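Working notes, beginning with the structure itself.
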Amino acid sequence: MTTSLALPATLPGQPHFAYRDGELFAENVRLADLARLHGTPLFVYSKAAMLAALAAYQRGFAGRHAQICYAMKANSSLGVLQVFARAGCGFDIVSGGELARVLATGGAASRVIFSGVGKTRAEMHQALDAGIACFNVESEGELEVLNEVALAAGKRARVSIRVNPNVDARTHPYISTGLKGNKFGIAHERALDAYRRAAALPGLQVAGIDCHIGSQITEATPYLDALERVLDLVEAIEAAGIPIEHLDLGGGLGIDYNGETPPPADALWAQLLARLDARGFGQRQLLIEPGRSLIGNAGVCVTQVLYLKPGETRNFCIIDAAMNDLPRPAMYQAFHQIVPLLRHGAHEPAPALWDVVGPVCESGDWIGRDRALATHPGDLLAVLSAGAYCMSMASNYNARGRAAEVLVDGSDATLIRRRESAEDQMRTETLLP
Ligand code: LLP
């Protein structure tokens, strides 16, 4: 439960967002000023927070042959991609649309890897044309189709097979991906045969192996378990005469939404690298695909209270952000802290308990339940940890335009996406004659 009185000056997990004289800032920019200028709901990202999250991985990999491929499904806004591209990241993509976004920002196709269970022939073609680094193949059927598409294009596709290590990431079932019952990857037992097939197909070039076991993982053990199983497989594949250049250990590291304590990226990698060294794989090329841990706590969503609706059983605080902007609570019962932009210190009025909900016509449209807030219509609130899987999952449900986005860098704030208008939403449609 959140009480504004109990909040420290900085926010848990989000040190680049802090109160100064009772007002919430992103780096050196007052969030209320941004809300006045651009309206609400408004996503605000801190560039310093993004680079600090990335730096933890870079420290972890110092002296190693490693490439960080930002899993852009977490947040694919062009300005966000530019920050990561300029800092040396490649990208993990899952669609032709994501590839087009990377190319639009000037990101290098040679640092792009393509994951996903349902790549179409058209997307394979597009990726081969662009010259991406590797396809992470998720089924035997995909191997055959990719081979055909590559041969027809006169190319050889570099592939890595995503193996499903059957490891429990101990996270929400909707975001666990490395268990036998998940649709992802090729089962551990079938992987060696799949590699033999891939090595025999003339349109394919075996490059690596990969696995991704889930998202919002808060402990090291599932990674260590998955690593051992992947290395067992690499030994078997190489014993069959198929060299594996790179190991891709996916993404999935969690963040602090509400007191979770995932290992810092550098500490996690120290443990994983120790195992890799012990098993003689320390000098292999490493790839990783982090998403949430790079951007999740670098963003907040600023929203305004529209109405307070106290009731007999529940009190509703109706805000102007909704499940179309912040889908995670409705989809995964996810928790995001909600805090006021303005704190009154010792004069803080007594909070009441509110269900914070949006204007969308669905009972599932809630952003937080039972939140202790002293708030009034017109007040501005920030929904925290909203950098990942919010804007990228936003929709136009109820014909609501997508929110605007601002990237803060020190004292500078750049509007990286203007608010979507009704005309924007109707642009692709045609009226009947
Ligand atoms: N690589 C692959 C193959 C993935 O499937 C994913 C995420 C990632 C990397 C990045 O995982 P991360 O580091 O962000 O955990 N919408 C959900 C999360 C879905 C994650 C799907 N795959 C949420 O809001 O919690």
Side-chain angles (χ1 to χ4, degrees), residues 67 69 90 92-96 99 109-110 112-167 177-213 225-251 279-281 284-289:
Q67 175 66 52
C69 293
D92 171 44
I93 65 167
V94 289
S95 72
L99 177 55
S110 59
V112 169
I113 54 176
F114 193 170
S115 304
V117 294
K119 302 176 193 77
T120 64
R121 286 173 188 260
E123 286 174 323
M124 291 172 176
H125 221 286
Q126 180 193 355
L128 284 167
D129 267 356
I132 67 160
C134 190
F135 290 83
N136 288 349
V137 174
E138 303 225 17
S139 65
E140 281 106 328
E142 187 187 334
L143 279 179
E144 304 294 331
V145 172
L146 182 57
N147 176 57
E148 280 173 34
V149 173
L151 288 178
K155 304 216 155 102
R156 251 180 129 190
R158 287 169 56 81
V159 297
S160 132
I161 291 180
R162 175 168 176 185
V163 297
N164 183 334
N166 195 27
V167 161
T177 55
L179 276 170
K180 270 193 175 157
N182 297 129
K183 68 177 174 182
F184 299 100
I186 292 181
H188 198 263
E189 310 77 67
R190 300 185 57 89
L192 182 54
D193 281 346
Y195 269 98
R196 285 205 176 96
R197 180 69 186 146
L201 290 171
L204 305 184
Q205 164 77 52
V206 171
I209 190 166
D210 83 284
C211 85
H212 171 83
I213 53 174
D225 292 348
L227 178 65
E228 299 294 351
R229 291 181 62 80
V230 167
L231 295 183
D232 293 347
L233 255 179
V234 175
E235 284 166 356
I237 295 163
E238 294 197 322
I242 305 167
I244 298 292
E245 284 168 41
H246 74 249
L247 312 175
D248 173 349
L249 290 160
R279 291 190 59 173
F281 289 98
R284 277 309 152 102
Q285 188 189 359
L286 300 171
L287 294 184
I288 52 160
E289 310 164 1

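Residues take their numbers from the sequence shown, with the count starting at 1. The structure presented is a predicted model; accordingly, all values stated were derived computationally and were not measured.
- Leu151 contributes atom CG, which lies 8.5 Å from atom CD of Glu148 (distance to the nearest 0.5 angstrom).
- Comment: Asp193 engages Arg196 in a salt bridge, judged by a side-chain N to carboxylate O separation of less than 4.0 angstrom.
- Side-chain polar atoms of Asn136 and Glu289 form a donor-acceptor pair below 3.5 angstrom.
- A distance of 8.5 Å separates CD of Glu189 from CG of Asn164, quoted to the nearest 0.5 Å.
- No cation-pi contact links Lys119 to Phe135, judged by a cut-off of 6.0 Å to the six-membered ring centre and 45° from its axis.
- Note that CD1 of Ile132 and CE of Met124 are 10.0 Å apart. Values are rounded to the nearest 0.5 Å.
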Donor-acceptor contacts under 3.5 Å from residues 201-211 side chains, at least two apart:
unit_1	atom_1	unit_2	atom_2	d
Gln205	OE1	Arg156	NH1	3.0
Asp210	OD1	Ser160	OG	2.9
Asp210	OD1	Arg162	N	3.2

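- Side-chain N or O atoms of Tyr195 include one that pairs as donor or acceptor with a backbone N or O of Ile161 at under 3.5 Å.
- Taking each heavy atom of Ala198 and Leu143 in turn, the nearest pair found is CB-CD2, 3.9 Å.
- A salt bridge is defined here as a Lys NZ or Arg NE, NH1 or NH2 lying under 4.0 Å from an Asp or Glu carboxylate O, and Glu235 with Arg279 meets this definition.
- Across all non-hydrogen atoms, the minimal contact from Gly251 to His212 is N-ND1, 3.0 Å.
- Counting heavy atoms from C-beta outward, Pro165 and Ile213 have side chains that approach closer than 4.5 Å.
- One N or O on the side chain of His188 and one on the backbone of Arg229 form a donor-acceptor pair closer than 3.5 Å.
- Between Ile237 atom CD1 and Ile242 atom CD1 the span is 7.0 Å, to the nearest 0.5 Å.
- Side chain of Gln285 to main chain of His246: no donor-acceptor pair is present (N/O by atom type, distance under 3.5 Å, no hydrogens or angles).
- Gln126 places no side-chain N or O within 3.5 Å of a backbone atom of Ala122 that could act as its donor or acceptor partner.
- Proximity of Glu144 to Arg197: side-chain heavy atoms (C-beta onward) are separated by under 4.5 Å at one or more points.
- Contact between Glu138 and Gly185 at its shortest, heavy atoms only, is OE1-N, 3.0 Å.
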The test is side chain to side chain contact (heavy atoms under 4.5 Å, CB included); show your working for Arg121 and Val145 and say whether it passes. CA-CA 7 Å; Arg121 286 173 188 260; Val145 172; 3.7 Å; yes
Go through Leu231 and Phe281 one step at a time and tell me if the side chain to side chain contact (heavy atoms under 4.5 Å, CB included) criterion holds. CA-CA 8 Å; Leu231 295 183; Phe281 289 98; 3.7 Å; yes
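- Atoms SG and CD1, from Cys69 and Ile93 in turn, are 10.5 Å apart once rounded to the nearest 0.5 Å.
- Residues Glu140 and Ala194 share a closest heavy-atom pair of CG-CB, 4.4 Å.
- When all heavy atoms of Glu238 and Ile244 are compared, the closest pair comes out as OE2-N, 2.8 Å.
- Nearest heavy atoms, Leu99 versus Ala127: CD2-CA, 3.7 Å.
- Under the 3.5 Å distance criterion, the side-chain polar atoms of Arg284 are left unmatched by any main-chain donor or acceptor of Leu247.
- Distance CG/Leu146 to NZ/Lys155: 12.0 Å, rounded to 0.5 Å.
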